[in-house]
Amino acid sequence: ACSSTGGSSDGKKPGGKLVLGFAQVGAESGWRTANTKSVQEAAKKAGVTLKFSDAQQKQENQIKAIRSFIQQKVDVIAFSPVVESGWDTVLKEAKNAHIPVILTDRAIDSEDTSLYATFLGSDFVEEGKKAGDWLVKEYQGKPGEVNIVQLEGTTGSAPANDRKSGFADVIKGDPKFKVVASQTGDFTRAKGKEVMQAFLKAQPEIDVLYAHNDDMALGAIQAIEESGKKPGTDIRIVSVDGVKDAFTAMSQGKINFDVECNPLLGDQLMELAKKVKNGEAVERRIKTVEGTFTPEQATAALPTRQY
Ligand code: GZL
């Protein structure tokens, strides 16, 4: 669905206000809705006219939205590519229309780096490594195998690919860590619950769940409890994002470690949009600042958590 806050049909706002076309992935998770809110609020604050589209996690919808922004002759296009590949054609159309493109949140795997001005987002490999490092420390000196099940993010997406590889790189150092099952839960609670139910049926022994985002972890917690097991105790859980609902679960001992993925990119995006519109040089890669949370830290952060 396309909505816009003001702005005439040809994309040029009277009075020279910057018009930004933003093609969002969807509304699949708490992280995503926080990211959307951050972009919308930042646009208002920055006096940027925002044309916003929600692709319901479908690449063809994002491509349609980008084409529509090109037709409307917006000043700048920004988007979070739902998957890494398949963007060259539409981004070449934006380039030929002399509309600069900013990648936010997720990256693309195109060789042609002239297709976008900059990529603002987290380092997902780093996030996967942080999850792996926690697990290694958690099982330091404890004998016996550690059976891990993994709920992967959206197939083909940068966060799913990179959180998987970062984690695998760290645990490969010790053969006691075994990923006995790994499947996509598409970053949603519903799918995370469904896949965890299947894992619980198929796997005789599960020690750890590594979820690529909190929404899948929260869905999995429901499945674990319905199977009569205690999440956080019988099955330890390490997750990514750091959304409020996960912090609540941590305060209840149901998630043992959460690697933050900061969705609040709105203000930086508006600054970057103004710079690229004015032809100013911007850094090619801007990494999001983010940390990690233990249950104690999450409990303390809960009262002031923005998302
Ligand atoms: C990560 C972002 C991911 C979140 C999920 O930057 O792309 O997509 O981790 C969201 O919650 O669905």
Side-chain angles (χ1 to χ4, degrees), residues 22-39 54-59 61-62 78-85 87 102-109 116 118-131 150-167 183-193 195 209-221 237-250 255 257-266 268-269 285-293 305-307:
F22 188 82
Q24 180 60 293
V25 166
E28 73 282 1
S29 65
W31 189 96
R32 186 63 56 197
T33 43
N35 179 248
T36 289
K37 192 160 163 265
S38 169
V39 169
D54 171 332
Q56 286 100 35
Q57 284 191 283
K58 290 185 177 57
Q59 178 170 33
N61 290 347
Q62 279 193 305
F79 75 116
S80 169
V82 59
V83 291
E84 288 188 308
S85 48
W87 300 101
I102 295 173
L103 298 185
T104 68
D105 167 29
R106 298 185 185 178
I108 63 176
D109 60 7
Y116 57 90
T118 180
F119 165 39
L120 162 66
S122 302
D123 180 337
F124 302 128
V125 174
E126 198 48 46
E127 293 172 347
K129 284 186 186 309
K130 288 175 184 174
Q150 179 171 219
L151 283 171
E152 300 180 21
T154 301
T155 305
S157 70
N161 292 337
D162 296 351
R163 285 172 185 164
K164 183 173 186 176
S165 61
F167 181 78
Q183 199 178 322
T184 182
D186 210 17
F187 283 133
T188 66
R189 293 190 190 205
K191 203 91 177 71
K193 177 175 183 178
V195 174
L209 162 64
Y210 170 41
H212 289 182
N213 86 327
D214 291 338
D215 283 73
M216 293 190 292
L218 292 163
I221 283 170
I237 299 180
V238 50
S239 182
V240 187
D241 274 354
V243 296
K244 200 175 207 149
D245 289 348
F247 280 17
T248 302
M250 291 179 92
I255 292 178
F257 194 67
D258 205 350
V259 177
E260 184 182 36
C261 177
N262 187 343
L264 307 180
L265 308 175
Q268 286 173 284
L269 171 58
R285 176 76 177 94
I286 299 153
K287 265 193 201 164
T288 321
V289 176
E290 53 198 28
T292 58
F293 287 82
R305 195 69 175 162
Q306 285 184 61
Y307 58 90

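Note that ligands are numbered from 1 as they come in the structure, with each ligand's atoms numbered from 1 the same way. Remember, predicted model here, so these are calculated numbers, not experimental data.
- Considering backbone and side-chain atoms alike, D215 places every N or O at 3.5 Å or more from each N or O of ligand 1.
- Within the 4.5 Å cutoff, side-chain heavy atoms of W87 are placed close to those of F79.
- Contacts between M216 and ligand 1, counted as non-hydrogen atom pairs separated by less than 4.0 Å, are absent for every part of the residue.
- Residues Q24 and S80 meet the side-chain proximity criterion, which asks for heavy atoms closer than 4.5 Å.
- In this structure the side chain of Q56 reaches within 4.5 angstrom of the side chain of N61, judged on heavy atoms.
- With ligand atoms numbered from 1 in the order given, ligand 1 contributes 1 (C), 6 (O) to contacts under 4.0 Å with heavy atoms of C261.
- Between H212 and ligand 1, no pair of N/O atoms sits closer than 3.5 Å.
- In this structure, E290 falls outside the shell of residues with a heavy atom less than 4.0 angstrom from ligand 1.
- A heavy-atom separation below 4.0 Å is found between P159 and ligand 1.
- Looking from atom 2 (C) of ligand 1 to the surrounding protein, the closest heavy atom is D105 OD1, 3.3 Å.
- Looking at heavy atoms from C-beta onward, S157 lies in side-chain contact with R106 at the 4.5 angstrom threshold.
- Atoms of ligand 1 found under 4.0 Å from any heavy atom of F124, numbered from 1 in the order shown, are 1 (C), 6 (O).
- When hydrogens are left out, the protein atom nearest atom 3 (C) of ligand 1 is R106 NH2, 3.7 Å; that is the closest non-hydrogen contact.
- Below 3.5 Å of separation, one finds an N or O of D241 facing an N or O of ligand 1.
- Side-chain contact of H212 with E127: a donor-acceptor pair under 3.5 Å is absent, judged by distance alone.
- Looking at heavy atoms from C-beta onward, N262 lies out of side-chain contact with V289 at the 4.5 angstrom threshold.
- Of all atoms in ligand 1, listed by their number and element, those nearer than 4.0 Å to a heavy atom of S29 are 5 (C), 10 (C), 11 (O), 12 (O).
- Residue-to-ligand polar distances place E28 within reach of ligand 1: an N/O pair is separated by less than 3.5 Å.
- Classification of the F167-Y210 ring pair by plane angle, with boundaries at 30° and 60°, yields parallel.
- M216 places none of its side-chain heavy atoms less than 4.5 Å from the side chain of V195.
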